[in-house]
Amino acid sequence: MTKSTNASASKAAAKSAAPAVKASAARKTPAKATGKAATTTATDAAPAKAPKTPRKAASKGKASAAPETTVNPFRNGMRRSRAPEPATLVIFGATGDLSRRKLLPAVFGLWQDGLLGSAFNIVGVGRQEMTDEQFRDYALEALKTSKETDAIQPGSLEKFRDLLYYEYGDFATDEVYDRVGKQLDEAENAHGGRKNAVFYLSTPPSLFEPISNGLGRLGLQDESEGWRRIIIEKPFGTTLESARRLNDVIHAVWNESQVYRIDHYLGKETVQNLMAIRFGNAIFEPLWNRSYVDHIQITAAEDLGLEGRAGYYEEAGIIRDMLQNHLMQLFTLVAMEPPVAFDEGAIRDEKVKVLRAVKPIPASQVRYSAVRGQYGPGTLAGERVPGYREEPNVAPQSSTPTYVAIKLEVDNWRWQGVPFFIRTGKRLPKKVTEIAVVFKRPPLGLFPGGLERNVLAFRIQPDEGVSLKFSSKTPGQENQLREVTMDFRYDAFGAGLESPYSRLVLDAMLGDATLFPREDEVDHAWQLVTGMLEAWEGKPAEEFPNYAAGSWGPEAADELMGPDRRWRRL
Ligand SMILES: NC(=O)C1=CN([C@@H]2O[C@H](COP(=O)(O)OP(=O)(O)OC[C@H]3O[C@@H](n4cnc5c(N)ncnc54)[C@H](OP(=O)(O)O)[C@@H]3O)[C@@H](O)[C@H]2O)C=CC1
Ligand SMILES: O=C1O[C@H](COP(=O)(O)O)[C@@H](O)[C@H](O)[C@H]1O
């Protein structure tokens with residue numbers, strides 16, 4: 001176990017306060033994988049007592065979390081031998097859906113595991129008028145109700161509560177930034193004289209620009225008294241032009257090294273495992289090319305529909321919501337060349353290179369390489385569900401796509417002639433995300449039934465794992481082959497999978513941008529989808545709805561695969 005460097009006062013407070021909790025507290029420690037888990041004591045994860053500073057008297061030395069900062073380096077095998085420096089996390093949009101369901105639970109989980117260093121605060125910023133106390137009630141309620149909250153240790157919520165502060169205001173005016181600035185000043189004493197801060201923009205994308213400018217006007221990006229970073233939610237822009245403009249606006253205030261564009265898929269354990277398996281084993285990489293791979297399929301299917309997000313989704317549609325970001329990220333990880341090192345520069349360079357190698361799909365070619373869809377009414381899990389156009393607040397003739405399938409070709413040596421088929425959609429039969437590497441058929445059929453393609457499938461979620469499908473002799477006198485599957489399941493590690501937001505918030509606090517898309521990546525990903533947006537937007541979609549809720553999407557998506565290939569049945 002590695003001890004972080006605490007301010008001694010915080011340490012003393014932590015020691016006196018750290019409750020003795022049972023070993024089950026460290027519930028995410030992978031027992032089987034490390035063999036050391038049994039020695040990981042509860043104290044490793046126990047949050048310490050936060051000073052009970054009343055809000056307004058807190059200006060000096062307020063709200064130090066003062067947790068016992070022993071870091072649990074086995075948490076999901078993350079390289080967590082150091083804790084972040086004392087810092088304040090400022091969440092713009094703290095009262096929103098993302099913050100409530102995912103972000104606050106993720107940060108709570110980190111804090112409860114002792115991963116957030118010796119002193120830490122959260123300042124929630126929103127539009128609604130609330131006192132600190134009201135925001136604390138709100139946040140605790142969110143933690144109690146979110147499905148993503150870790151098992152809550154006795155007393156934890158009460159201590160976490162003391163770390164929370166709230167400011168409200170219109171993000172278009174300066175006052176709110178003034179008050180945020182004051183909060184950072186107040187935290188200084190508790191944070192050992194440093195004014196480290198991460199600003200997390202969990203707001204509608206139209207507010208990214210005013211918030212960045214508002215922070216810039218008051219110099220809150222200035223790093224002379226501590227580091228300052230900004231995490232920007234997706235979608236980053238709504239078109240190529242707007243993404244470029246947003247980058248310019250952001251860069252007018254921040255250096256690229258301070259900017260963390262978040263794509264939560266990169267924080268998923270199994271997405272990172274894709275790189276680990278590709279580059280951590282000798283047997284896969286030699287096969288990972290045009291000589292052996294027939295094609296690659298990437299699927300991100302959701303059974304959910306709009307979930308009350310019509311206002312956003314009607315503008316975004318599936319291309320901006322999923323394809324331009326999450327799916328493009330999965331594509332880059334499976335297609336990129338081995339990086340020269342596992343660091344942010346090397347990995348992001350390779351991702352950009354492969355995006356550059358993709359054959360562009362101009363608007364005139366979209367009909368040959370892409371299929372769009374919108375769901376109509378249908379049946380899911382035995383229940384009738386309405387079509388997209390019947391969802392609340394959706395235009396009756398909406399042409400917003402809720403499904404897209406595309407075929408990408410990569411013009412480089414490795415992938416010449418190997419198509420990548422990518423599909424994603426809402427109201428498909430189930431929630432499943434998978435990357436399947438489909439190998440070429442054997443050159444000769446020696447055995448009856450033995451000409452199937454082997455498939456290496458990365459199951460991103462749920463039932464996280466990796467499976468290899470190959471042909472095997474069935475028992476008996478005949479040399480009859482049948483497809484069988486060899487399965488590795490992530491739960492074999494005996495660890496719960498961490499929220500991707502935990503991983504990414506912690507990385508940002510540690511200054512590690514490896515898992516955050518860089519400016520040029522985002523730009524190339526926009527370039528790739530621009531033809532689709534041009535071909536489809538502003539034109540009535542007469543074929544809509546063209547798939548029933550609960551089906552696997554429009555038939556045209558099958559035709560995209562050609563006669564000899566078909567989408568996997570998942
Ligand atoms: N929700 C999700 O599952 C996901 C969301 N995202 C991204 O996260 C971001 C936030 O999404 P989500 O939480 O769903 O959005 P919500 O609409 O639920 O929340 C937006 C937040 O911003 C605040 N806000 C909105 N307008 C203003 C304003 N003019 N001045 C001050 N505050 C304002 C809202 O305050 P108030 O409460 O007063 O309205 C609320 O706190 C988006 O960029 C989205 O694309 C990304 C992945 C998943
Ligand atoms: O960013 C988004 O992602 C979710 C899917 O994320 P997952 O982690 O549950 O796979 C999607 O539902 C949402 O529409 C989109 O905004």
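Atoms within a ligand are numbered from 1 in the order they appear, just like the ligands themselves. The structure presented is a predicted model; accordingly, all values stated were derived computationally and were not measured.
Taking every non-hydrogen atom of G169 and a distance limit under 4.0 Å, the qualifying atoms of ligand 1 come out as 31 (C). Heavy-atom contacts of Q128 reach the following atoms of ligand 1: 36 (P), 37 (O), 38 (O) (cutoff under 4.0 Å). Near F208, the atoms of ligand 1 lying under 4.0 angstrom from a non-hydrogen atom of the residue are 43 (O). Shown in contact with S202 at under 4.0 Å from a heavy atom are these atoms of ligand 1, numbered in order with element: 9 (C), 10 (C), 21 (C).
The side chain of Y501, and not its backbone, has at least one atom closer than 4.0 Å to an atom of ligand 1 (non-hydrogen atoms only; side chain from C-beta on). Under 4.0 Å from ligand 1, the heavy atoms of E233 that appear belong solely to its side chain. Residue F236 does not touch ligand 1, judged by heavy-atom distances below 4.0 Å.
Nearest heavy atoms, S398 versus Y388: OG-CE2, 3.4 Å.
The closest approach between any non-hydrogen atom of R101 and ligand 1 is below 4.0 Å. The closest approach between a heavy atom of P235 and any atom of ligand 1 is below 4.0 Å. Contact between A172 and ligand 1 is absent, with no heavy atom of the residue lying under 4.0 Å from the ligand. The shell of residues lying under 4.0 angstrom from ligand 1, judged by heavy atoms, excludes Y168.
When I232, L207, L98 are checked for heavy-atom proximity to atom 33 (C) of ligand 1, L207 turns out nearest. Between T203, V125, T95, it is T203 that holds the heavy atom closest to atom 42 (C) of ligand 1.
Within 4.0 Å of ligand 2, heavy atoms belong to protein residues K234, H264, Y265, K268, E302, R309, D321, M322, H326, K426, K431, Q461.
A donor-acceptor contact under 3.5 angstrom links the side chains of E521 and Q329, judged on distance only. Inspection of the W254 and S212 side chains reveals an N or O donor paired with an N or O acceptor under 3.5 Å. Side-chain N/O atoms of R389 and Q374 include a donor and acceptor closer than 3.5 Å. In this model, a donor atom of one side chain and an acceptor atom of the other lie less than 3.5 Å apart for Y547 and T402.
A search for ring-ring contact (aromatic ring centres under 6.0 Å, His included) contacts involving Y313 returns nothing, not counting sequence neighbours. Listed by chain and residue number, E543, F544, P554 satisfy the side-chain contact (heavy atoms from CB on, under 4.5 Å) test with N546 (two or more places apart in sequence, or in another chain). For R384, the side-chain hydrogen bond (donor to acceptor under 3.5 Å, both in side chains) test picks out T379, with sequence neighbours left out.
Considering only non-hydrogen protein atoms, atom 19 (O) of ligand 1 sits nearest to G96 CA, 3.2 Å. Nearest protein heavy-atom neighbour of atom 32 (N) of ligand 1: F171 CE1, 3.2 Å. Counting only heavy atoms of the protein, atom 14 (O) of ligand 1 lies nearest to D97 CB, 3.6 Å. Looking at atom 45 (O) of ligand 1, its nearest protein heavy atom turns out to be K234 O, 2.6 Å. Here the protein heavy atom with the shortest distance to atom 23 (C) of ligand 1 is G93 CA, 4.1 Å. Looking only at protein heavy atoms, the nearest one to atom 20 (C) of ligand 1 is P204 CD, 3.6 Å.
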Can you check salt bridge (charged side-chain N to carboxylate O under 4.0 Å, His left out) on R228 and D222, steps first, answer last? CA-CA 7 Å; R228 295 288 164 97; D222 182 85; over 6 Å; no
List the steps, then state whether side chain to side chain contact (heavy atoms under 4.5 Å, CB included) holds for M328 with L528. CA-CA 9 Å; M328 283 301 160; L528 286 178; 4.1 Å; yes
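Remark: R261 qualifies as a cation-pi partner of F236 under the 6.0 Å distance and 45° angle criteria applied to the six-membered ring. Within the cation-pi definition used here (under 6.0 Å to the ring centroid, within 45° of the axis), R136 qualifies as a partner of Y165. Geometrically, R278 does not engage F458 in a cation-pi contact defined by less than 6.0 Å to the ring centre and at most 45° from the axis.
Within a 6.0 Å sphere centred on CD of E555, heavy atoms belonging to other residues, nucleotides or ligands number 12 at most.
Taking the centre of each ring, F420 and H295 stay at or above the 6.0 Å mark.
Closer than 4.0 Å to atom 38 (O) of ligand 1 lies at least one heavy atom of the protein.
For ligand 1, the polar-atom distance check finds an N/O of R127 within less than 3.5 Å of one of the ligand's N/O atoms.
Using a distance-only test at 3.5 Å, with no hydrogens or angles considered, no donor-acceptor pair links the side chain of W227 to the main chain of A87.
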